[in-house]
Amino acid sequence: MKKLLSVVVSVYNEEAALEKFYREAIPVLEKISWDYQIVFVNDGSRDRSLEILKSLAENDDHVKIVSFSRNFGHEAAMIAGIDYSQADGIICMDADLQHPVECIPEIIKNLEEGAQVINMVRTKNESAGWFKNLASTAFYKLINMLSDVKFESNASDFFAVSGRVAQVLKKDYREKIRFLRGYVQSVGFKKIVIEYEAHPRIAGESKYSIRKLFQFSVNTIVCFSNLPLKLGVFAGLFAGVLGVLVLVYTLFTRNGAPSGYATIVILNCFMFAILFLLVGIIGEYIAILFAELKDRPIYIVEETQNL
């Protein structure tokens, strides 16, 4: 009996890319030794994406559709695709063909050789621009400094997991605020890395604005590290040392206490800046806790097809 591969594709306003993705993916999937299905997760698209997906599904039973009641985000769409896949191997990728479908045979080969987690690492992504590439590199360096889990630099939402790892993600990793590619790298098991060059985006534009990327980065740091909460200890120690230095200076200088309006204002501004920074950090952690305590669903499915 053939093993089953599930290709999970997140879709949000991708009407210009879906048919081309399908035309390029099917010839590759037809050549592999596994049976396959493509699980398109419609993340509340407002264009003709769902209409196009339904047309593809009517003509090909390999095409499966999970459609959300509204937009829940890219991470929720990938989680839903994994939840609805009952396969021996699952590949998550985007519909814009920046994630090359020609990598699928190599992924299958590694799954057959016993790999449980396959991280696809970008070596080049010219379409992202210099700022996003620089920000991505800086983000991974920062999170690796703060977290006990070490992440592959430039790992993307293009990855593959075995059915065994998928079961772990379905059962145990159900946070409302999540970093799925981080969870994939932190579950353990036999893990390998495959490098690839990101293709140019065939249509549309990135759904992640600078603001969304910043919030995503903050959420990731909060999910994987409690070190920012400890900054208060270091700030307190720093303020204490500074206070001792000012005391020594006051006692052992001829002129007595340092005078000057500017000095007082600068010290006050500096201390309040540290204080408000720490309050803001605590607020981010409380926001994550609040989201988890509300326990609202990660996504809501409005309809499915061929499932």
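Every value quoted in this text rests on a predicted model; they were computed, and no experiment measured them. Values reported hereafter were calculated over all heavy atoms of this structure, with side chains retained and with hydrogens, waters and symmetry mates removed. Residue indices begin at 1 and follow the sequence shown.
- Between Phe21 and Phe40, the ring planes lie perpendicular to each other; the angle is over 60°, past the 30° to 60° tilted range.
- For the pair Ser85 and Ser6, the tightest heavy-atom approach, listed with the atom from each and the gap, is OG-OG, 2.7 Å.
- Among all heavy-atom pairs drawn from Val8 and Ile82, the shortest one is CG2-N, 4.1 Å.
- Between Tyr36 and His62, the angle of the ring planes stays under 30°, which puts this pair in the parallel group of the 30/60° scheme.
- The shortest heavy-atom contact between Asp61 and Asn306 is CA-ND2, 3.8 Å.
- Looking only at side-chain heavy atoms (C-beta outward), Arg174 and Ile79 come within less than 4.5 Å of each other.
- By the 4.5 Å heavy-atom criterion applied to side chains, Val7 and Val39 are not counted as neighbours.
- There is no side-chain donor-acceptor pair under 3.5 Å between Glu302 and Ser67.
- Remark: Gln167 pairs with no residue by the side chain to side chain donor-acceptor pair (under 3.5 Å) rule, at least two apart or across chains.
- For Lys3, the side chain to side chain contact (heavy atoms under 4.5 Å, CB included) test picks out Trp34, Asp88, with sequence neighbours left out.
- A salt bridge links Lys54 with Glu303: at least one charged nitrogen is closer than 4.0 Å to a carboxylate oxygen.
- For Arg48 and Glu51, the salt-bridge test passes: some basic side-chain N is under 4.0 Å from an acidic carboxylate O.
- Neither Ile118 nor Leu4 shares a network with the other; the hydrophobic side chains, linked directly or stepwise wherever heavy atoms of I, L, V, M, F, W or Y lie under 4.5 Å apart, form separate groups for each.
- Salt-bridge check for Lys171 with Asp83: failed, with every basic side-chain N at 4.0 Å or more from each acidic carboxylate O.
- Residues Val41 and Tyr84 fail the side-chain proximity criterion, which asks for heavy atoms closer than 4.5 Å.
- Residues Ile65 and Thr304 are not in side-chain contact: their nearest non-hydrogen atoms beyond the backbone lie 4.5 Å or more apart.
- Here Ser10 pairs with His74, Ala77 under the side chain to side chain contact (heavy atoms under 4.5 Å, CB included) rule; sequence neighbours left out.
- The minimum heavy-atom distance linking Pro105 with Val28 is given by the pair CD-CG1, 3.8 Å.
- Considering every non-hydrogen atom in both Ser55 and Asn59, the closest pair reads O-ND2, 2.9 Å.
- With a 6.0 Å cutoff to the six-membered ring centre and a 45° limit on the axis angle, Arg70 does not count as a cation-pi contact of Phe68.
- In this structure, a donor-acceptor pair under 3.5 Å is present between the side chains of Asp60 and Tyr22.
- When hydrophobic clusters are built by joining Ile, Leu, Val, Met, Phe, Trp and Tyr residues whose side-chain heavy atoms come closer than 4.5 Å, directly or via intermediates, Leu307 is grouped together with Ile300.
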